[in-house]
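Worksheet: one structure, shown below.
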Protein chains: 2
Amino acid sequence: MPTIKDVATKAGVSIKTVSRVINDEPGVADSTRQRVNDVIRQLEYVPNLSAQRLKRGRSELFALLLPRVESPYAIKLFSYILREAQKRDYSVLTLAEVNSTPITPAQIEHVVKTHRVDGLIVAPPGADNVVLMNFLKSNHIPYVTINPNLLNEHPFSVESTDEIGANEATRYLISLEHKRIAHIACMKTERFSHERRKGYIRALEDAAPAASAPLIVQGDNSIESGHNATLELLNLPDPPTAIFAGNDEMAVGVILAASHLGLSVPGDLSVIGFDDTPISHQIFPHLTTIAQPIPEIARVSVENLLELIDGKQDVPEFVQIPTRLVLRGSCGVPIQN
Amino acid sequence: MPTIKDVATKAGVSIKTVSRVINDEPGVADSTRQRVNDVIRQLEYVPNLSAQRLKRGRSELFALLLPRVESPYAIKLFSYILREAQKRDYSVLTLAEVNSTPITPAQIEHVVKTHRVDGLIVAPPGADNVVLMNFLKSNHIPYVTINPNLLNEHPFSVESTDEIGANEATRYLISLEHKRIAHIACMKTERFSHERRKGYIRALEDAAPAASAPLIVQGDNSIESGHNATLELLNLPDPPTAIFAGNDEMAVGVILAASHLGLSVPGDLSVIGFDDTPISHQIFPHLTTIAQPIPEIARVSVENLLELIDGKQDVPEFVQIPTRLVLRGSCGVPIQN
DNA sequence: CTGAAAGCGCTTACAG
DNA sequence: CTGAAAGCGCTTACAG
């Protein structure tokens, strides 16, 4: 493997000049820069990361705390964060729960110290762990949280627009001329549940009297709870013609319940989910849903963290990123109006 | 952050002695070793990885090539490999397809050179890419493959016992006194499909005449194909009372089809899957299935790769790791016998 | 615009 | 059993 010395010798310059070229520093004549770059290409020279890191006194490594990696949301977030980090020559140390063995703050503290991570990106449930957050704050370790449940607790966070997304989902059902639209709510422990519920209620209130009053059943995010909530809803004297499920799993439960009752989706019942997880295009009909802006969340989180690590002062404290309505096959015009 | 020098000074020894203690090298008096360890604990000293790597001329980094990270199999494999690597102070550079954008051999070549990975762990489809494999071989880069489709092409591979697992699944159905047992086969492009089919056929043949002849429908691994294959099977003049699906997704399709036909699982039809993916306990009834030994596959792959990197000569070339029958709620005694 | 020197924190031979 | 010296491949001040 060629080193910076080999490049310097062959280009007839000092290693410092090569270093300037590598790091895009100013103060190198264009002709010199070009010559050095040619040699770099010719020798297929790549700087030794370990040497750079040692000298810079930085690990160029950040930790990523994820919930159960089995969750599709976590996985997608993970892959995009990985990709964004790689673009910027950063490594990612992923700490994720496997088989619901939770990671303790003490473990994280140990990893942070051992690997000298420059910072952290923290997704729930880590972002809601007060002990952990206090450790990070008191040690002045830069970190960015993603969709935290605890608000105003974190200096820097990146969020998706759950309220607006839910509002858009509901307005879409209204635009199809559904009047009676139910909502199956996610677990109350998650802040996004409230946001989604609020967006749903706001849409109905704005559309009144074209849409009837809110009709909400509490779910627990699982397929089964979506299934049971649907049976309950469809047994009402005046059943809904459309259901906005708080997440895709419960929306799948809606489809399964409809199928058990001999109802067709979207013929007899329209369903819309939230999250755009893989299950949304594994089920039949494919699920119309609200997509989380995961690629953008990943990009902004990484960018902001690296700026914090660089000591920049103008890092935005609170970023909201818009969700997106994804039209598939689970919504239609109501049969009875 | 304390350095090796601080420890040496405080313990009254040379830095070389501290280095010996850190690396568990022989030739240090027990009393010295103890004293140094005490100081290490006291100062909370942790060796600087970048310095170690620079000096050792190793990145202590291996690359992991995964298929679509959206697949639950890939995710689980990923988390366990991560964990095993961490135990051994190795970092993992994960290269995974996102949204089915395939990784090209050229990209991998670039990453291998840029990051100077010490080796690779390659899961399909990378393991079946001849161009990539040739690049690794001709550059003498150590690598281990997991469940490759191409056999005898790889110096070192780790596999699960698909044939034996399928055989166990089928024998379990036979033990419940099912006579007519069908199989929905996975895509023919995957070698494991043939292994699972073989295991199924062997079980029926060994049990004859208690079990009838093989009855196989080709699927394509999707829920939908499992669904369609089931409709086909249950329309036969002498329909099966049990179905062994080649994977969990198709087994879910079996359950959905049964539900559409008004049949209960396992009352009217028993179903067994393969892989033990998350979907197997999201569906009702929960799926009896064959679990892939992912934790062990991860451990052995990492162990073998690190031994190859260390230049050890006795690394096993071909490791098979047993699958496990997981009993849940989708199998029962046949209603008509 | 360019470079010589020093040193980041370790480990690798080598000597005793 | 222990240590002094050299150096891995870079970057950080500093000088010109």
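Any value given below was found using the heavy atoms of this structure, including those in side chains, with hydrogens, waters and symmetry copies removed. Residue numbers start from 1 in every chain, and the chains themselves are labelled A, B, ... in the order their sequence lines are given, proteins ahead of strands.
- Between B:Gln292 and B:Ser160, the side chains place a donor N or O and an acceptor N or O closer than 3.5 Å (distance only, hydrogens not considered).
- Across all strands shown, B:Gly27 has heavy atoms under 4.0 Å from base atoms, whether or not it also approaches the sugar-phosphate.
- Residues passing the salt bridge (Lys or Arg N to Asp or Glu O under 4.0 Å) test with B:Lys5: none are found, sequence neighbours excluded.
- Remark: DNA chain C forms stems of 3 or more consecutive Watson-Crick or G-U wobble pairs, all pair distances under 3.5 Å, at C:1-3 with D:14-16, C:5-12 with D:5-12, C:14-16 with D:1-3.
- Contact annotation: A:Thr17 does not reach the phosphate of C:dC1 (side-chain N/O to OP1 or OP2, under 4.0 Å).
- Counting only residues at least two apart or on different chains, the side-chain hydrogen bond (donor to acceptor under 3.5 Å, both in side chains) pairs with a member in residues 294-313 of chain B are B:Arg58-B:Asp310, B:Arg88-B:Glu303, B:Arg299-B:Glu303.
- Atom CD of A:Glu25 is surrounded by more than 12 heavy atoms from other residues, nucleotides or ligands within 6.0 Å.
- Among residues two or more places apart in sequence or in another chain, the salt bridge (Lys or Arg N to Asp or Glu O under 4.0 Å) test is passed with B:Asp6 by none.
- When only modelled atom types and interatomic distance are considered, A:Arg53 and A:Ser91 share a side-chain donor-acceptor pair under 3.5 Å.
- When the salt bridge (Lys or Arg N to Asp or Glu O under 4.0 Å) test is applied to A:Asp314, no partner is found at least two apart in sequence or on another chain.
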**Item:** Protein-to-nucleotide contact annotation, 5' to 3' order, nucleotides 8-15 of chain D [B base; S sugar-phosphate only; - none; under 4.0 Å, heavy atom]
**Value:** BBBBB---
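- When each of D:dG3, D:dC1, C:dC1 is scored by its nearest atom to the side-chain atoms of A:Ala29, the top-ranked nucleotide is C:dC1.
- Applying the side-chain contact (heavy atoms from CB on, under 4.5 Å) test between A:Leu65 and each of A:Thr94, A:Leu120, A:Thr145 identifies A:Leu120 as the sole match.
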